[in-house]
Amino acid sequence: MTGRMICFCLLTAVTAAAQQVVTPGNVTDVKITGQTIRIKAANASAEVTAWSHNVVRVRMNRQALEKDFSYAVVATPKNFAPVITQNADEIKLETDSLVTRIGKQPFSITFLTKSGEVLQADEPGLGTSWIGEEVTAYKTMQDGERFIGLGEKTGNLDRRGSSYTNWNTDAFGYTVNQDPIYATIPFYIGIHHGKSYGLFFDNSYRTNFNFGASNNRFASFSANSGEMNYYFIHHPEVSGIITAYTWLTGRMHMPPLWSLGYQQNRYSYYPEAEVMRIAQTMREKQIPADGITLDIHYMDAYKLFTWNKLRFPDPAGMNARLRKMGFRTTVIVDPGIKTEAGYHAYESGKKEDIFIKYSDGQYYTGQVWPGWCHFPDFTGPKGRNWWKEQVKSFTAAGVDGLWNDMNEIATWGQNMPDNVLFDFEGRSATHRQAHNVYGLAMVQASYEGARASMQGRRPFLLTRAGYAGLQRYTAIWTGDNRAEDDHMLLGVRLMNSLGLSGVAFSGMDIGGFTGNGSPALYARWIQLGAFLPYCRSHTGINTKSAEPWAFGEEVLEIARNYINLRYRLLPYLYSGFHEASVTGMPLMRTLAIGWTHDPLVYDPRFQNQFLLGDGIMVAPFDSKQPYAPVYLPPGTWYNLYNDTVATGGQEKMLTLGMHTLPVYIRESSIIPMQSLVQTTAEKPSDTLFLHVYKGNRNNRFEYYEDDGETYAYEKGASYRRVIDYRPADGNLTLEKPVSGTASHFRHIQLVLHGFGKDVAKVNGAERKLDAGSWVAVQPVSRFDPQGVANPVVKCVVKTLTLANDNQSITINVE
């Protein structure tokens, strides 16, 4: 045999070995230590740990398991004593909520309810296996099983029949079915037979999820390298699964109140005179607003941590003037640092040696907006600390928000070499492992830098890319969308999915970033935007202007109406964000959270509907549709605009118009509102308007206040009051406040919808109710030569004004 033939045979043998499917095989050894079961199998090592009563972690690898590390998980296992038993065939781990059965011949895992119903099981004959470095877990796909979540993913609410890849991607003008796009959150929720579970696959390599695409046997999740490392979560309710997942990965801080107001952006507003013109026009046209965002043209030749002195000669002075007008400034920050001698960030970064490098020690260089750039290594404390120092220049200039962009990590060509090395918290990792967490590490550095330098004030952080756990530091928006109806509706599904995946603070570019939308599209989008967690209009360069007044007077009136409504709803929105910070429950909620097992909420006709908080249901529609069906889930629903009552559990055909967006209020809802202001820097009147809708369901709402600006709430400087509505006895109880500060409001006015009586009892004393009306939006002008307005649409209500004191108040309204 010749040497060439010998080499060929050896290569063929190595290739064949690399392509073999390797399973763990039979269990050969078991060690139980407290809450952890350590297992040796013929071809793998594994650990199964009870992290809490409803969370079980599974780790597997062909080699010995390495020291534990995660960018996503911040929780540690709760200290408790699960029941662990074994026999010749299996090991059983039991908690109060969950049973985990580990088969021994061969190794396999099944998760069950306490009553023995299967939640999820390894697919027999497949289980977990390796092909080379790639590791895949195959799970039996249950009859009728649905899959929701997985973060920022296009497609339908129910992901069954589809597959997805997690690889953070700069996806300019992405299509409605494109995958992947910007962010990676490898967490989904499975639903079948009246039960639900969550699964978080904590592996930062490129991962794939297959929910029955091209097969009818299994659902699977895989990574091209690294451990099989996942957390299984069980709770009877999807809301409980979200709470458990955010216990693992962390929850948001309270955002600054101004960030809940309307934000105006464009790529780009410059020079300073243009920025001030936009701000002044907002005030002149009485469009409430709190933020203006500056894109890359504020910089000197796109170089980070610089200002273009011709366009912005005095950034601190401009920001101070904007602040006096009630505006806060957010600036874009990209990770690329231009390789230009004498440029302070470049010279400082080289001196501190904080840039990512090739395996031979040479700095990696890639092209982005400034030209050829180096990139800070945010995956190590040295790089993050350097970035924190640079951020001080923005906060010193009066900037209140940092918009983290291009952090997928994006470079022209979109193909960073895999042999670029990252610190990875001292562990050293190639680009393959670090890519998906780079954006998360960047926003951690931005948040910590801004927080440290803003003298106790809360910064606003926004990101395009991220990994599981990003909610601890930042809000996210859905990137460079298109000015098209299907993108507007896709944005709703993206945000609903982000909410299912732990991210409560999200938004999309209202009006669309690329292209030129019609007046009708912008009108519909701004109506919808008023009900989104983050409300920002934005459009790209070389597009038509997209401010609310740019589409004509009729659209301006529509935009003003809905932005006004958002500002009146700020107490409701802020309380919703507090709930997210405590429980992880998103403000924007797919109907699958509340009506998980109702097949109609997954119907493509209705999958875009969502709840804002617990009480407000929004039904988005294409701007061109004259008629459309809406689905009202079981219960009673009130039309927001006229209090018309509809019975749920049925479809309803709507006639659509440009002036109003279909919005419904759920029975028994409690919606706190305030008087209209033009900016959150302006104090509302001293009366909190508490809208209560008659219904048959018990409801408990926690109203929340703090100063909206600082972190004093972390030390107890806040005001919380539970409002409890019990229809059976007709009582609405405002429980005694839990407060470290006084309420902003001296009075509470009850605004009662659907209640027929003219009197109520307040702590046993009879009080007369006043007849009144409430108008959600003002009529839009007809725009005929006489300028006659359309009729006022209003709700007929009963009102009662009370002193907002610190005592428990019970109002009998029946």
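Both backbone and side-chain heavy atoms feed into the values below; hydrogens, waters and symmetry mates do not. Since we're looking at a predicted model, the values are computed, not measured.
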Worksheet item: Counting heavy atoms not belonging to D143, are there more than 12 under 6.0 Å from its CG?
Response: no

Item to complete: Over 60° means perpendicular and under 30° means parallel, so classify the ring planes of W167 and H431, tilted if in between.
Response: perpendicular

Fill in: Nearest heavy-atom neighbours spanning N698 and R726
ND2-NH1, 2.9 Å

Worksheet item: How long is the span from the NZ atom in K92 to the CD1 atom in I37, to the nearest 0.5 Å?
Response: 12.0 Å

Discussion item. Name the residue from F200, Y230, F201 that meets the ring-ring contact (aromatic ring centres under 6.0 Å, His included) definition with Y245.
Written reply: F200

Discussion item. Any non-hydrogen side-chain atom of F577 less than 4.5 Å from a side-chain atom of P255?
Written reply: yes

Worksheet item: Side-chain donor-acceptor pair under 3.5 Å between N608 and R493, yes or no?
Response: yes

Discussion item. Side chains of R697 and S668: any donor to acceptor distance under 3.5 Å?
Written reply: no

Worksheet entry | Polar side-chain atom of T246 near backbone of T243 as donor-acceptor pair, under 3.5 Å | yes

Worksheet item: Between T463 and N407, do the side chains contain an N or O donor and an N or O acceptor separated by less than 3.5 Å?
Response: yes

Worksheet item: What are the two closest heavy atoms between M254 and S581, and how far apart are they?
Response: SD-OG, 3.9 Å

Worksheet item: Hey, mind stepping through F211 and Y188 against ring-ring contact (aromatic ring centres under 6.0 Å, His included) and telling me if it holds?
Response: CA-CA 10 Å; F211 301 114; Y188 73 88; 5.0 Å; yes

Fill in: Donor-acceptor contact below 3.5 Å, side chain E227 vs main chain N61
no

Discussion item. Looking at every heavy atom in both Q86 and I32, which two are closest together, and how far apart are they?
Written reply: NE2-CD1, 4.1 Å

Discussion item. Checking Y231 against V73 for the side-chain contact (heavy atoms from CB on, under 4.5 Å) test, could you report, in this order, the C-alpha distance in whole Å, the side-chain angles of both residues, the deciding distance, and whether it holds?
Written reply: CA-CA 10 Å; Y231 296 79; V73 174; 3.7 Å; yes

Worksheet entry | From OG (S108) to CZ (R101), nearest 0.5 Å | 9.0 Å

Worksheet item: Would D89 and K104 satisfy salt bridge (Lys or Arg N to Asp or Glu O under 4.0 Å), going step by step from the backbone distance to the final call?
Response: CA-CA 5 Å; D89 298 319; K104 291 184 175 182; over 6 Å; no

Worksheet item: Do you know which two heavy atoms are closest between T95 and P82, and how far apart they sit?
Response: CG2-CB, 4.1 Å

Worksheet item: Any donor-acceptor pair under 3.5 Å linking the side chain of E152 with the backbone of A183?
Response: yes

Discussion item. Could you check whether R159 makes a cation-pi contact with F209, meaning its NZ or CZ is under 6.0 Å from the centre of the six-membered ring and within 45° of the ring axis?
Written reply: no

Worksheet entry | Rounded distance [0.5 Å steps], CG in D179 versus CG in L150 | 8.0 Å

Worksheet item: Is the backbone of A64 close enough, under 3.5 Å, to the side chain of S45 for a donor and an acceptor to pair up by distance?
Response: no

Practice prompt. Tell me yes or no: between the side chains of N210 and S220, is some donor less than 3.5 Å from an acceptor?
Written response: no

Discussion item. Salt bridge or not between D96 and K114? Use side-chain N to carboxylate O under 4.0 Å.
Written reply: no

Discussion item. Are L421 and T430 packed together at the side-chain level, in the sense that at least one heavy-atom pair is separated by less than 4.5 angstrom?
Written reply: yes

Practice prompt. Consider only side-chain N and O atoms of N177 and T175, and report whether a donor and an acceptor are under 3.5 Å apart.
Written response: no

Worksheet entry | Sub-4.5 Å side-chain heavy-atom contact between Y174 and T478 | yes

Practice prompt. Evaluate the side-chain proximity of L112 to V118: yes if any heavy-atom separation is below 4.5 Å, no if none is.
Written response: yes

Worksheet entry | Separation between CD1 of I191 and OG of S196, rounded to the nearest 0.5 Å | 6.5 Å

Worksheet item: Are the side chain of S97 and the backbone of N54 linked by a donor-acceptor contact shorter than 3.5 Å?
Response: no

Worksheet item: Looking at CD of E47 and CE of M60, how far apart are the two atoms once the value is rounded to the nearest 0.5 Å?
Response: 11.5 Å

Fill in: Short side-chain donor-acceptor distance under 3.5 Å, D423 and T379
no

Discussion item. I'd like to know if the side chain of N203 reaches the main chain of A223, judged simply by a donor and an acceptor atom lying under 3.5 Å from each other, with no hydrogens or angles considered.
Written reply: no

Worksheet item: Hey, mind stepping through R432 and E133 against salt bridge (Lys or Arg N to Asp or Glu O under 4.0 Å) and telling me if it holds?
Response: CA-CA 12 Å; R432 295 172 68 214; E133 286 187 59; 3.7 Å; yes

Worksheet item: Are a donor atom and an acceptor atom from the side chains of T207 and N166 found within less than 3.5 Å of each other?
Response: yes

Worksheet item: Is there a donor-acceptor pair closer than 3.5 Å between any side-chain N or O of H192 and the backbone N or O of L119?
Response: yes

Discussion item. If we ignore hydrogens and angles and just use 3.5 Å, is the side chain of H435 paired with the main-chain N or O of N168 as donor and acceptor?
Written reply: yes

Worksheet item: For Y602, is the NZ or CZ atom of R146 found under 6.0 angstrom from the centre of its six-membered ring and inside 45 degrees of the ring axis?
Response: yes

Discussion item. Main chain of F378, side chain of Y438: is a donor-acceptor contact present, judged purely on distance under 3.5 Å?
Written reply: no

Worksheet, complete the sentence: The single option from L587, V492, L591 that satisfies side chain to side chain contact (heavy atoms under 4.5 Å, CB included) with F610 is V492

Discussion item. Does any part of the side chain of Y71, heavy atoms only, come nearer than 4.5 Å to the side chain of E425, both counted from C-beta?
Written reply: yes

Worksheet item: What orientation do H253 and Y447 show, parallel under 30°, tilted 30 to 60°, or perpendicular over 60°?
Response: parallel

Discussion item. When you compare the side chains of E579 and Y704, does any donor N or O come within less than 3.5 Å of an acceptor on the partner?
Written reply: no

Discussion item. Can you tell me if E66 has over 12 outside heavy atoms packed within less than 6.0 Å of its CD?
Written reply: no

Worksheet item: Of I189, I242, L611, which meets side chain to side chain contact (heavy atoms under 4.5 Å, CB included) against I593?
Response: I242

Worksheet item: Given the rule in the side-chain contact (heavy atoms from CB on, under 4.5 Å) test, do F111 and V58 qualify, once you have shown the distances and angles that lead to the verdict?
Response: CA-CA 11 Å; F111 298 100; V58 177; 4.1 Å; yes

Item to complete: Taking all non-hydrogen atoms of both residues into account, name the closest pair between A171 and Y182 and its distance.
Response: O-OH, 2.8 Å

Worksheet item: Do the side chain of K153 and the main chain of P180 share a donor and acceptor less than 3.5 angstrom apart?
Response: no

Fill in: Salt bridge R160-D158, side-chain N to carboxylate O under 4.0 Å
no

Item to complete: Look up atom CD1 in I109 and atom CD1 in I102, then write down how far apart they are to the nearest 0.5 Å.
Response: 5.5 Å

Worksheet item: Can you check whether N215 reaches Y138 side chain to side chain, under 4.5 Å on heavy atoms?
Response: no

Practice prompt. Would you tell me whether D202 and Y467 have side-chain atoms, one donor and one acceptor, within less than 3.5 Å of each other?
Written response: yes

Worksheet item: Quick one: are K78 and V55 in side-chain contact, heavy atoms under 4.5 Å?
Response: no

Item to complete: Say whether R57 and N229, considering side chains only, have a donor N or O and an acceptor N or O under 3.5 Å apart.
Response: yes

Discussion item. Whether the T113 and S115 side chains hold a donor-acceptor pair (N or O, under 3.5 Å, no angle test) is what I'd like checked.
Written reply: yes

Worksheet item: What heavy-atom pair brings W477 and N404 nearest, and what distance separates the two atoms?
Response: CZ3-O, 4.3 Å

Worksheet entry | Heavy-atom side-chain contact between N496 and L157 under 4.5 Å | no

Item to complete: Check the side chains of Q471 and T249 for a donor-acceptor pair under 3.5 angstrom, ignoring hydrogens and angles.
Response: yes

Practice prompt. Just say parallel, tilted or perpendicular for the rings of F606 and Y631, cut-offs at 30° and 60°.
Written response: tilted

